[in-house]
2 protein chains.
Amino acid sequence: MSPRNSVVETRRTRQRIVDRGLALASVDGLEGLTIGRLAADLGMSKAGVLGHFGTKESLQLAVVDAAAELFSEEVPGRAPASAPGLPRLRALCEAWVSYLERGLLPGGCFFTAAAAEFDGRGGPVRDAVAGLDALWQRDLRIHLRRAQTAGELPAGTDADQLLFELVGVMLSLNHALQLHRDPHAADRARRATRRLLGP
Amino acid sequence: MSPRNSVVETRRTRQRIVDRGLALASVDGLEGLTIGRLAADLGMSKAGVLGHFGTKESLQLAVVDAAAELFSEEVPGRAPASAPGLPRLRALCEAWVSYLERGLLPGGCFFTAAAAEFDGRGGPVRDAVAGLDALWQRDLRIHLRRAQTAGELPAGTDADQLLFELVGVMLSLNHALQLHRDPHAADRARRATRRLLGP
DNA sequence: CCTACCGATCGGTAGG
DNA sequence: CCTACCGATCGGTAGG
């Protein structure tokens with residue numbers, strides 16, 4: 001048995017805190033996430049929770065990182081391996097729709113919520129959210145451009161325009177699912193994606 | 001001069017509170033809006049603010065109503081009068097893009113933010129936001145269907161699918177403006193709208 | 001519309 | 001990782 005305060009146990013506890021924090025923040029927002037409720041939820045003291053992070057802002061940043069890791073596992077990680085360019089792009093979009101459809105987090109897509117919550121402010125949390133969003137869009141843009149130069153898209157296609165519209169499809173999907181529980185939303189997102197990227 | 005506590009003065013004060021509350025909530029969210037900060041901002045006491053509403057939830061509902069009124073003035077109210085169906089729909093969408101582009105509220109589109117903030121919860125505020133969103137989408141759907149039966153849209157067009165994609169365009173526009181301050185976002189939204197509704 | 005106050009909870013610290 | 005505590009602020013009330 002490992003001693004109670006071993007490094008591995010400490011890491012495991014930290015992971016438990018962050019995972020639970022991610023679930024709570026997906027419902028109540030990153031600012032609505034409080035150390036007291038998180039501690040009570042985990043059966044720990046506030047000081048025990050905060051000791052792993054030092055400040056609430058550090059905890060928020062750790063939760064943002066965990067959300068990025070989850071997204072990465074569930075979307076690029078689940079998309080079947082496909083050739084770079086259009087095939088990979090289609091696989092990524094289908095995995096993205098599926099991720100939103102499955103509703104892994106109780107409050108829907110964490111990044112959509114965090115972006116809306118922090119987009120009017122400054123600070124490290126806002127920067128982290130914006131940076132991760134930009135990173136994901138850059139990935140998509142690379143595949144779009146490759147598809148374009150490979151002639152996989154109609155002549156004259158504007159890759160950035162297409163990306164703007166793809167992002168809109170996913171935002172609309174999250175909106176319809178979370179606010180209206182629309183059972184047709186995922187089908188609509190798939191049809192819209194097909195219209196943008198071909199069948 | 002009207003006496004200090006006349007009905008008209010009371011109404012005016014209430015309006016001042018709600019207007020300021022809307023601006024604050026667009027940045028910090030409806031839950032992040034606190035009675036104390038709102039009071040300090042207005043040079044009033046907390047009790048003076050709360051007296052107009054009774055509870056924070058009532059204040060939140062009043063702010064949601066004010067946001068709906070602003071949207072109504074700025075989008076349908078500014079769209080040039082046009083024939084029902086496709087012409088009116090195009091005018092509404094252009095006014096919608098313009099509303100988001102002008103950034104009237106410091107935190108961007110209030111309804112997008114409120115929808116993301118409350119979509120994982122229950123209660124009267126969530127219901128009010130969802131209801132107003134549904135009302136606006138119903139307006140758009142009516143014009144879409146009229147355009148369809150009038151033969152103003154390509155044969156086989158699915159009005160609900162088109163609506164889903166239009167909403168996505170506006171959500172993507174708000175996202176690009178607020179999170180990334182993308183200067184091309186409004187142009188992209190206009191191009192996407194033209195692709196959906198014709199030139 | 002104010003002052004004065006309530007109990008609860010906030011983020012965070014001291015000390016072990 | 002805990003208990004015990006800090007000052008600040010929360011939503012809300014009493015009484016005028």
Side-chain angles (χ1 to χ4, degrees), chain A residues 1-22 24-25 27-64 117-118 121-126, chain B residues 1-22 24-25 27-64 117-118 121-126:
Chain A
M1 305 290 285
S2 49
R4 278 178 62 222
N5 284 331
S6 70
V7 174
V8 56
E9 274 303 324
T10 301
R11 251 188 224 146
R12 214 168 280 172
T13 300
R14 195 194 132 103
Q15 196 58 49
R16 269 183 70 228
I17 296 170
V18 170
D19 286 346
R20 193 89 200 94
L22 176 56
L24 290 177
V27 174
D28 295 316
L30 271 171
E31 214 59 65
L33 174 65
T34 73
I35 296 156
R37 286 203 313 118
L38 183 51
D41 231 73
L42 293 163
M44 291 174 64
S45 67
K46 278 170 41 175
V49 168
L50 200 56
H52 287 268
F53 308 96
T55 66
K56 176 169 179 179
E57 186 173 274
S58 275
L59 167 64
Q60 290 174 321
L61 289 168
V63 168
V64 171
E117 185 179 3
F118 281 87
R121 318 182 198 178
V125 177
R126 185 224 142 87
Chain B
M1 306 289 287
S2 48
R4 278 178 61 224
N5 283 332
S6 71
V7 174
V8 56
E9 274 302 326
T10 300
R11 252 187 223 148
R12 215 168 280 172
T13 301
R14 194 193 132 103
Q15 196 57 49
R16 269 183 70 229
I17 297 170
V18 170
D19 287 346
R20 193 88 200 94
L22 177 55
L24 291 177
V27 174
D28 294 317
L30 272 171
E31 213 58 65
L33 174 66
T34 74
I35 296 155
R37 287 202 313 118
L38 183 52
D41 230 73
L42 292 162
M44 293 174 63
S45 66
K46 278 171 37 175
V49 168
L50 200 55
H52 287 268
F53 308 96
T55 65
K56 177 171 179 179
E57 188 173 272
S58 275
L59 168 63
Q60 289 175 322
L61 289 168
V63 168
V64 170
E117 185 179 4
F118 281 87
R121 318 182 199 178
V125 177
R126 186 225 141 89

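Each chain gets a letter, A, B and so on, in the order the sequences are listed, and its residues count up from 1. Since we're looking at a predicted model, the values are computed, not measured.
OP1 or OP2 of C/dC1 lies within a sub-4.0 Å distance of a side-chain N or O belonging to B/Thr13. Note on B/Thr10: every side-chain N or O is 4.0 Å or more away from OP1 and OP2 of C/dC1.
Contact record, B/Pro124 with B/Leu61: O-CD2, 3.7 Å, taken as the closest heavy-atom pair. The minimum heavy-atom distance between A/Phe53 and A/Ala62, with the atom names listed, is CE2-CB, 3.8 Å.
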* Watson-Crick and G-U pairing of DNA chain D written in dot-bracket, each distance under 3.5 angstrom, with | for inter-strand partners -> ||||||||||||||||

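Across the protein-nucleic acid pair, A/Arg14 atom CZ and D/dC1 atom C1' stand 16 Å apart, rounded to whole Å. A/Glu9 has its CD atom 8 Å from the P atom of D/dC1, to the nearest Å. With rounding to whole Å, A/Leu42 atom CG is found 13 Å from D/dC1 atom C1'. Straight-line distance from the CD atom of A/Glu57 to the P atom of C/dG11: 13 Å, rounded to whole Å. The CD atom of A/Gln60 sits 9 Å away from the P atom of C/dG11 (whole-angstrom rounding).
A side-chain donor-acceptor contact under 3.5 Å links B/Glu117 to the backbone of B/Leu30.
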Could you list, one pair per line, each protein nitrogen or oxygen that sits under 3.5 Å from a nitrogen or oxygen of nucleotides 3-10 of chain C, together with the distance?
residue	atom	partner	partner atom	Å
C/dC10	OP1	A/Thr34	OG1	2.8

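Pairs of residues two or more places apart, or lying in two chains, that qualify as salt bridge (charged side-chain N to carboxylate O under 4.0 Å, His left out) and include a residue from residues 30-39 of chain A are A/Asp28-A/Arg37, A/Glu31-A/Lys56, A/Glu31-A/Arg121. Legend: side chain to side chain donor-acceptor pair (under 3.5 Å) pairs involving residues 39-52 of chain A, not counting sequence neighbours, sorted by first then second residue: A/Arg20-A/Asp41.
With sequence neighbours excluded, the residues that form a side-chain contact (heavy atoms from CB on, under 4.5 Å) with A/Leu50 are A/Ile35. Take B/Glu57 and apply the side-chain hydrogen bond (donor to acceptor under 3.5 Å, both in side chains) test, not counting sequence neighbours, and it matches no residue. Applying the side-chain hydrogen bond (donor to acceptor under 3.5 Å, both in side chains) rule to A/Arg14 yields no partners; only residues at least two apart in sequence or on another chain are considered.
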